[in-house]
Amino acid sequence: MLPSTLVGCSTKGYLGLAETRSWAERVASGLAARGGGDGVYACVPHPLVTVLSEGLAGTGADVGVQDVSPHPKGPYTGEVSAELLAELGVRYVMVGHPERVRHVGETPELFGRKVRAAVGHGLVPILVVGEPERSAEPEPVLRAQLDAAFGGLPDDAEVVVAYEPTWAIGAAEPAPADHVLRTVGVLRTLVDERVARSRVLYGGSAGPGTFAAIARAGAGGDLRDVPDGVFLGRGGLDPDAFLATVAEVRAAVGAVV
Ligand SMILES: O=C[C@H](O)COP(=O)(O)O
């Protein structure tokens, strides 16, 4: 079953071996002092899975990766299969990030194959969706992204959808809270029409303060508009900032439910 709130960090290509080990150890000791790691995860490059899982061992936090092959085990040189990732104890796999579109040329059709491969081996895909430009209307973009990614999934599939408008990734600041609230409400409805078990996160230049601002802006409104947590990139590379965000999300959610 998916945790009710989620706070994750994708270290992208920022952290090397020693830095990942140190990040995991500092996060693990912080989580031990903050009620454990339920609903906490990090997504690292494949070669760093073992060092991350060793560092987070015993905390309850989960290990994720930034990509998964659409292919099964077999003659697919250089590919990392969902089956192997499951064997390594990975829980979450990112799919659909705009950096994979921009730098590697991945397509919506490929995202669908990756999602199905992940779900087929008990992994939880974190599908990254969002409109490419600030001026774009989110709903049709999100609808098309979800249609491409979630076709042919079994009824009991568990998925995480990270709303990351491309214009807010790697930016000076996150998307405005009112935009996030408006879009997460629409997104949640679209996701619920396609899969039964899901969580919806916000990502894009998020860090300490981002979730609290969204939750504050959404207080008194429809709770479905508030995401179930945040997915950090740069904002989570400092373990203290990451831990502060974990505490902030837990406190904000505790305050509204
Ligand atoms: O997956 C994480 C996001 O792309 C966020 O990255 P960023 O916080 O560095 O903008």
Side-chain angles (χ1 to χ4, degrees), residues 5-16 19-20 23-24 27 39-46 48-49 52 61-68 85 90-104 106 108 111 114-115 118 123-134 136 138 141-142 145 149 159-177 179-180 183-184 187 191 198-214 227-246 248-249:
T5 63
L6 282 166
V7 180
C9 176
S10 169
T11 63
K12 303 198 180 192
Y14 288 114
L15 304 185
E19 291 161 322
T20 302
W23 188 93
V27 167
V40 174
Y41 70 89
C43 293
V44 294
H46 298 133
L48 298 174
V49 161
L52 179 69
D62 287 302
V63 172
V65 292
Q66 300 167 14
D67 188 28
V68 60
L85 292 170
V90 167
R91 184 171 190 190
Y92 296 106
V93 297
M94 295 174 68
V95 177
H97 198 285
E99 287 159 13
R100 301 285 307 170
V101 177
R102 191 179 324 129
H103 303 302
V104 192
E106 294 196 354
F111 297 150
K114 290 185 172 194
V115 166
L123 303 174
V124 178
I126 301 176
L127 180 73
V128 179
V129 298
E131 68 278 15
E133 281 132 25
R134 202 167 187 138
V141 177
L142 300 175
Q145 290 170 334
V159 303
V160 175
V161 179
Y163 172 55
E164 300 197 11
T166 307
W167 48 268
I169 297 173
E173 47 189 43
H179 178 87
V180 174
T183 311
V184 165
L187 176 58
V191 172
S198 65
R199 297 288 180 262
V200 174
L201 308 181
Y202 170 74
S205 304
T210 304
F211 189 84
I214 297 168
D228 302 309
V230 277
F231 193 5
L232 309 182
R234 290 160 300 152
L237 296 177
D238 173 353
D240 293 332
F242 184 67
L243 290 163
T245 308
V246 171
E248 174 186 314
V249 171

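All values below come from the heavy atoms of this structure, side chains included, with hydrogens, waters and symmetry mates left out. Numbering of ligands and ligand atoms starts at 1, following listing order. Residue numbers count from 1 along this sequence.
Atom CG in L127 sits 11.0 Å away from atom CG in L201 (nearest 0.5 Å). E131 CD to Y163 OH: the interatomic distance, rounded to the nearest 0.5 Å, is 3.0 Å.
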Go through it in stages, so that I can follow the logic: the residues are Q66 and E99, the test is side-chain contact (heavy atoms from CB on, under 4.5 Å), and I'd like the CA-CA distance, side-chain angles, deciding distance and then a yes or no. CA-CA 11 Å; Q66 300 167 14; E99 287 159 13; over 6 Å; no

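Nearest protein neighbour of atom 10 (O) of ligand 1, counting heavy atoms only, is G170 N, 2.7 Å. The protein atom (non-hydrogen) at minimum distance from atom 8 (O) of ligand 1 is S205 N, 3.1 Å. At the top of the distance list for atom 6 (O) of ligand 1, counting protein heavy atoms only, stands K12 NZ, 3.0 Å. Among protein heavy atoms, atom 9 (O) of ligand 1 sits closest to R234 NE, 2.7 Å. In terms of protein heavy-atom proximity, atom 4 (O) of ligand 1 is closest to H97 NE2, 2.6 Å.
In this structure, R234 contributes its side chain and A171 its backbone to a donor-acceptor pair below 3.5 Å. Side-chain N or O atoms of Q145 include one that pairs as donor or acceptor with a backbone N or O of G130 at under 3.5 Å. For the pair S205 (side chain) and A168 (backbone), a donor-acceptor distance under 3.5 Å is present.
Near I169, with a cut-off below 4.0 Å to any heavy atom, the atoms of ligand 1 are 4 (O), 10 (O).
When the heavy-atom distances from atom 5 (C) of ligand 1 to C43, G233, G236, A162 are ranked, the shortest goes to G233. Nearest residue to atom 1 (O) of ligand 1 from E173, Q66, E164 is E164 (criterion: closest heavy atom).
An N or O contact shorter than 3.5 Å is missing between S10 and ligand 1 by distance.
Residue contact check for ligand 1: E99 places no non-hydrogen atom closer than 4.0 Å to it. No heavy atom of G203 sits closer than 4.0 Å to any atom of ligand 1.
Pairing each heavy atom of L52 with each of A42, the nearest pair is CD2-O, 3.7 Å. The minimum heavy-atom distance linking Y202 with G204 is given by the pair OH-O, 2.8 Å.
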